[in-house]
Amino acid sequence: MDSDIVMVDDKGKRVDGREANDLRPMKIEAGVLPNADGSAYLEIGKNKVLAAVYGPRECHPRHLQDPTKAIVQCKYNMQSYSVSDRKRPGPDRRSAEISKIISEALESVILTELFPRASIDVYIEIMQANAGTRCAGLTAASVALADAGMPMRDLVPSVAVGKADGKLLLDLNKEEDNFGEADLPLAIIPKTDEVVLLQMDGHMTKEEFDSAMKTGVAACHEIYEMQKDALRRRYSVGEEEEVEE
Amino acid sequence: MDSDIVMVDDKGKRVDGREANDLRPMKIEAGVLPNADGSAYLEIGKNKVLAAVYGPRECHPRHLQDPTKAIVQCKYNMQSYSVSDRKRPGPDRRSAEISKIISEALESVILTELFPRASIDVYIEIMQANAGTRCAGLTAASVALADAGMPMRDLVPSVAVGKADGKLLLDLNKEEDNFGEADLPLAIIPKTDEVVLLQMDGHMTKEEFDSAMKTGVAACHEIYEMQKDALRRRYSVGEEEEVEE
Amino acid sequence: MDSDIVMVDDKGKRVDGREANDLRPMKIEAGVLPNADGSAYLEIGKNKVLAAVYGPRECHPRHLQDPTKAIVQCKYNMQSYSVSDRKRPGPDRRSAEISKIISEALESVILTELFPRASIDVYIEIMQANAGTRCAGLTAASVALADAGMPMRDLVPSVAVGKADGKLLLDLNKEEDNFGEADLPLAIIPKTDEVVLLQMDGHMTKEEFDSAMKTGVAACHEIYEMQKDALRRRYSVGEEEEVEE
Amino acid sequence: MSRSVVSEIRRNHINELLRKGARMDGRGPLELRDISVETGVIDTAEGSARVRYGDTEVMAGVKMAIGTPFPDTPDKGVLTTSMELIPMAHPDFESGPPGGDAIELARVVDRGIRESGMVDVEKLCISAGEEVWMCFLDIYALNYDGNLFDAAALALVSALKTAMAPASNFDKGEDFPLPISCLPVTVTVAKIENTLIVDPTFDEDMVSSARLTVTTDENGDIRAMQKGKSGSFTVDEISEIVDLAREKGEEIRKIIG
Amino acid sequence: MSRSVVSEIRRNHINELLRKGARMDGRGPLELRDISVETGVIDTAEGSARVRYGDTEVMAGVKMAIGTPFPDTPDKGVLTTSMELIPMAHPDFESGPPGGDAIELARVVDRGIRESGMVDVEKLCISAGEEVWMCFLDIYALNYDGNLFDAAALALVSALKTAMAPASNFDKGEDFPLPISCLPVTVTVAKIENTLIVDPTFDEDMVSSARLTVTTDENGDIRAMQKGKSGSFTVDEISEIVDLAREKGEEIRKIIG
Amino acid sequence: MSRSVVSEIRRNHINELLRKGARMDGRGPLELRDISVETGVIDTAEGSARVRYGDTEVMAGVKMAIGTPFPDTPDKGVLTTSMELIPMAHPDFESGPPGGDAIELARVVDRGIRESGMVDVEKLCISAGEEVWMCFLDIYALNYDGNLFDAAALALVSALKTAMAPASNFDKGEDFPLPISCLPVTVTVAKIENTLIVDPTFDEDMVSSARLTVTTDENGDIRAMQKGKSGSFTVDEISEIVDLAREKGEEIRKIIG
């Protein structure tokens, strides 16, 4: 909000050298944890995120069971040292809300009706946070689900579009977010471009919003390619291993 | 306790103009909430109280079920803005105790043996508080039970008798209560004058106590008439509605 | 740590007049609480401890049941007034840990396989604390178990060996503990000298440690005699009572 | 809100009606229920409002006190929003700590107020870094028949709009109206099969696959959004919903003046 | 206390005996059990007492520290009462946060102390608005065989009566006895069928329909009352119980001097 | 960790192998798994480490801030250790407050750091009685295959050893390395039938009857111990385990330099 702070310079470069519609550097690795049925590690900019999947397995507590389908229970957790001011360990209201909307987004692609009464448990741990953790967590979680062999309609790439200095900027980093005027996290099903997660905070005109949606959907497709790459690498490793035996 | 403060003037008038044995102005309306099986809204002086009844319905948690009768579970709750210093939302020890004694008082009149294993849930919300909320809540709750068609031996009117300035005063308001020397909330079954709720805090001689009981029981009968009026109005509205159809 | 403070004087006497390997005065009484299936009261120095046993009885919550044996659930609790600065009532992390290691030590002697699915509940209340409460609690608890007629391989005497002023001292009192350099609580099965509880905090060389173990085991045998005495007295009282009838 | 299941028959009935452009309570898909707003209903609150959307009924109260600001915003007053889904309001609501639904509701309503900048929190600073006004915004659902998002937001906005800071009680000069800079209004649209409906009832909410809640201001700008449930929207549907939220928001804004 | 059910046979036995004016433990209806009071049993407490009413056994301890007074009573010390129904005391008591019964007990015992003005809290002010004595009154039920109200109250009164404020530990002059202005005593009467009995045991409590707990002072004045359970009393029965409480209270007061 | 039961077949297999001096993963009884230590993995932490013992994987992070010391140690910094057994790490771990196992783990790891005097807390005093450094030592189990005690302790020691106090952020001069006075290393030995094994896996831990965790320093002195599980050790076995802990501790200390 402070007009002295410049988020985009004369040449259209952002504080970290990106253009307006550039994603931060991103890295995804599938199958990183031995115990989980599926897992993924993701870095985007300075975010470091682990996702793990257990299930389908018996649903506890039992009164949550749905006789017609599996329920998807995501727990998003920020580790205490992941932010500059230490976060008290344990759940809080923010993580409860994020867990809920990520659960809903994942439920939209999992073929839950194949597993009546079961629970599909998704754990997202934010080890280092730098704006955009809910999107990073969801992107990682859908890779972990695929790694677990979960029957799914598609993966779910996710990213936020922000507004700072009056300009729409893709995938805000922490510094941009702190001085930003709006943030719009979204997630899509790439095969159909359906939107399965959408939030907005701040101030946008209708025109800005429509433009931000377009940018976000396009970026989700970029991320989708990286998700598929990670799974391909994981799969080929699996192949090699099998060959080795 | 401060002798400069006068609670009853030379002519026997109290700070709000009442005589010693006057109730505050009171208003009861039955059937005010669409979802509940029964409900009532009550104002007495500056108190504003809602009561709602759900049940008889399945009792959760199951280990509380009684195979011989329904249990009565009342939750008394003060809304955060109902008092001058904001109350933290949620239960506290005071509301736990009040919930318990109101549950017991209501259990004395409900024919609980007709509904083995069930729960009859009574919710009392204090929206604005000005002394006497437990009595107001209980008075409203028994109207809500009747509105729900609950089989009952009788209604349960309730009121407190206080002592201030060395005098017995019916139905203390907040100002009187703050400087009062004793408070005696009670509730009765009007048909038999049995006492089903009784507490006392402060300092009373035996003579004062006997006199306070007499005043309280008489006032409960006054309240009883208003309870029945409210139900009659509710019933006749129901009649009219049926006619209109 | 402060070198001016002397814990052992020229003649080898400690602040309360004991020699290095002396226990504090100890008193055990079995069968002190009417409701519990077994109970014991123990004083050692200024510690005052009650232990009670309920069970074998149905295990709640049910998911803790073990189909092959009883589980032993100990709750160690410090009463609020038992220490110089009042302790907040209720469980804390320290008592959770102590409860766990005492449960494990008792499980080592109880013939739990005789009572599949059951729970054996042991409650230890520290009424007055003066260093060594976990050992005092465990010593009392095993007497309470015997008082309850629980089938056991043996009793479990327990004591701590400390280090203060650079010297190994048996059964530190509070004053010694505050300035001590190490503390080593242990518990044994006297018939076999097996160690079933062992902790150490502080700083000990291997030689000190071996010597401390020897002292501790010997002291446990002393305590064992007092445990058996308490049970003998309890038993003979029972006999007399039966005769009287 | 998890225990309720709408019967298959009712679900089919809702769907069939909607295919003909009709709803169970006689409304068209894009019609709001009757909305009523009463303010100043609680004497002990600095501001209060009781709002009804059909059978959905909500109370909001504003309490103010003086406290110390957060270290990172030393010159700003503090807003704290809570929302209680008390068991009085619906047979599915249970006593106990707020669940996921109540937390989401409170956070979405809170963001609608906070991110819109409705309350000018800088004017609630008494002495920077030392004393600021704390505003406790507490919402209680009294009867739940769907669309608590919009009813709760409207109740809170109405309570804030009419609130008087109790400065004289704290020896801080005369009481003054809360500094209000805009009137954000929240509109929720649900999707049932491929039809969009505004202001869903409880049964409609149960049957719907997805929900989008949009808060807009007087200029028709967007101040907050929240998509809910496991269904999806197309990008076009979302754009359409935003337009609907602006239009209906204007309609509702007239009610609260 | 909810799990226990007294068998039908025992219930009938208690009822039949009472119709003949007798009780299972040989007492008459209006007779107290043997009461014992030991004080000064805990060195780490400023005051303590262990009280037995037959097989019911209770410990109370008083701890004191210096703290800041509540803003609305700047010149008064602070009393805080807690009561723990530890699982040691009865097979039905469970670990965990205090339930409704424990909360009611603690609050009734607390009111018996607080409303009677037993402790002269104004004498516990060190410096008005700044420093006062905080008194933590903690009660533990060690063995429960009915009538915890009276045993807990008597334990606490005994502990308070013998407590010494540890002023020297806090550099506030010499230790001094807690300022005590009266000796409230609590008596509980239960109703079984139409008979009133004092000091009910656990089984009697289970069988009774209603309970009235009355705290009186040396003058026979009433200082606190609490009716419990879902049965009822007539106005005459209540008057009779108050008289009983005054009479038995005098008897008990002699025990603690 | 209560739900898992190792099948009878696997239990027998583990036992039979051990009688021949072998283990399921090919190790000898007194052999450690491959240990890896990465430090400086979290930018937002003052110090951090990711440690693997075979498939057991643990993260530790150190965060520092300035606060007021405890009244009884006015000239000492404050260490606070937490350990979370997050449900990601193992199918038996559940969300919610830490259970007995997590509490024991955190307390044992904490004592291994605290009682060894590894961190020179007196050097973390800024102004006696007023300002000291607070160190939050937080440990997360990411994947659990036994022996969290040793992995957690090593992660924490490694994080502390490489931590830089963020003094410049707080205007307290230049950043400085945490003052470290020794390198305590923790070694856990389990007993299966009558064989002692170091660094047990999850399955081995399930099958073992007793566990002894020993923390030693560079001099081979003992700094902390904790026996676990309901089995027992002879005095000779304990002495042998202490020697093992000293020997293996030296081996591990080389890894972290």
Side-chain angles (χ1 to χ4, degrees), chain A residues 31-41 43 45-58 60-61 73-91 95-96 99 119 121-131 133 137 140-141 144 148 173-174, chain F residues 3-4 40-50 52 54-57 59-67 80-98 102 106 134-146 155-156 159 163 166 169-170 201-202:
Chain A
V32 295
L33 292 172
N35 282 350
D37 296 318
S39 60
Y41 176 72
E43 288 185 10
K46 291 184 178 170
N47 290 299
K48 296 185 178 185
V49 175
L50 263 179
V53 171
Y54 284 91
R57 62 180 175 181
E58 202 187 339
H60 288 284
Q73 300 193 88
C74 173
K75 300 267 181 202
Y76 164 102
N77 183 45
M78 276 197 127
Q79 294 186 346
S80 54
Y81 41 70
S82 66
V83 279
S84 43
D85 291 331
R86 175 186 184 253
K87 191 203 158 288
R88 258 178 88 97
S95 59
S99 298
S119 178
D121 298 319
V122 179
Y123 302 110
I124 296 171
E125 293 286 319
I126 308 301
M127 298 161 74
Q128 188 171 300
N130 191 278
T133 59
N173 67 23
K174 181 109 190 82
Chain F
R3 263 201 250 155
S4 281
V41 291
I42 301 296
D43 300 348
T44 43
E46 271 67 80
S48 60
R50 188 168 183 158
R52 288 186 183 84
D55 275 350
T56 286
E57 183 171 343
M59 284 281 306
V62 176
K63 293 286 296 177
M64 294 176 69
I66 289 175
T80 306
T81 309
S82 88
M83 168 116 201
E84 301 269 320
L85 303 185
I86 52 175
M88 170 180 281
H90 195 271
D92 288 354
F93 291 177
E94 285 173 15
S95 298
M134 322 287 290
C135 304
F136 296 98
L137 319 178
D138 293 314
I139 308 169
Y140 290 84
L142 301 183
N143 200 75
Y144 173 50
D145 186 23
L156 188 49
N169 286 358
F170 291 89
T201 64
F202 177 81

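Throughout, a chain's letter reflects where its sequence line sits, starting with A, and its residues are numbered from 1. Fair warning: this is a prediction, and the values are worked out from it, not measured in the lab.
Looking at A:Asp37, neither its backbone nor its side chain comes within 4.5 Å of chain F, counting heavy atoms on both sides. Only the side chain of F:Arg50 comes within contact range of chain A, with heavy atoms under 4.5 Å apart. Using a 4.5 Å cut-off between heavy atoms, F:Ala60 touches chain A through its backbone atoms (N, CA, C, O) alone.
Interface remark: of the candidates F:Ala65, F:Pro87, F:Ser48, F:Gly61, F:Pro87 forms the most heavy-atom pairs closer than 4.5 Å to chain A. Among A:Pro34, A:Ala51, A:Ser84, the residue making the largest number of heavy-atom pairs under 4.5 Å with chain F is A:Pro34. Most heavy-atom pairs under 4.5 Å with chain F: of the set A:Lys48, A:Gln79, A:Lys46, A:Arg57, this distinction falls to A:Gln79. Counting heavy-atom pairs closer than 4.5 Å to chain F, the top-ranked of the candidates A:Ser82, A:Gly55, A:Pro91 is A:Ser82. Looking only at heavy-atom pairs under 4.5 Å with chain A, the residue among F:Asn169, F:Ile86, F:Thr44 that has the most is F:Thr44.
For F:Asn143 (side chain) and F:Glu57 (main-chain N/O), no donor-acceptor pair under 3.5 Å exists by modelled atom type. One N or O on the side chain of F:Tyr140 and one on the backbone of A:Ser80 form a donor-acceptor pair closer than 3.5 Å. Using modelled atom types, no side-chain atom of F:Thr201 and backbone atom of F:Gly146 make a donor-acceptor pair closer than 3.5 Å.
Under the 4.5 Å side-chain criterion, counting only non-hydrogen atoms from C-beta, A:Asn35 is in contact with A:Tyr54. In this structure, F:Met88 and A:Asn77 have side chains that are not in contact, with every pair of non-hydrogen atoms separated by 4.5 Å or more.
Side-chain contact, F:Thr56 with F:Asp145: no donor N or O sits under 3.5 Å from an acceptor N or O.
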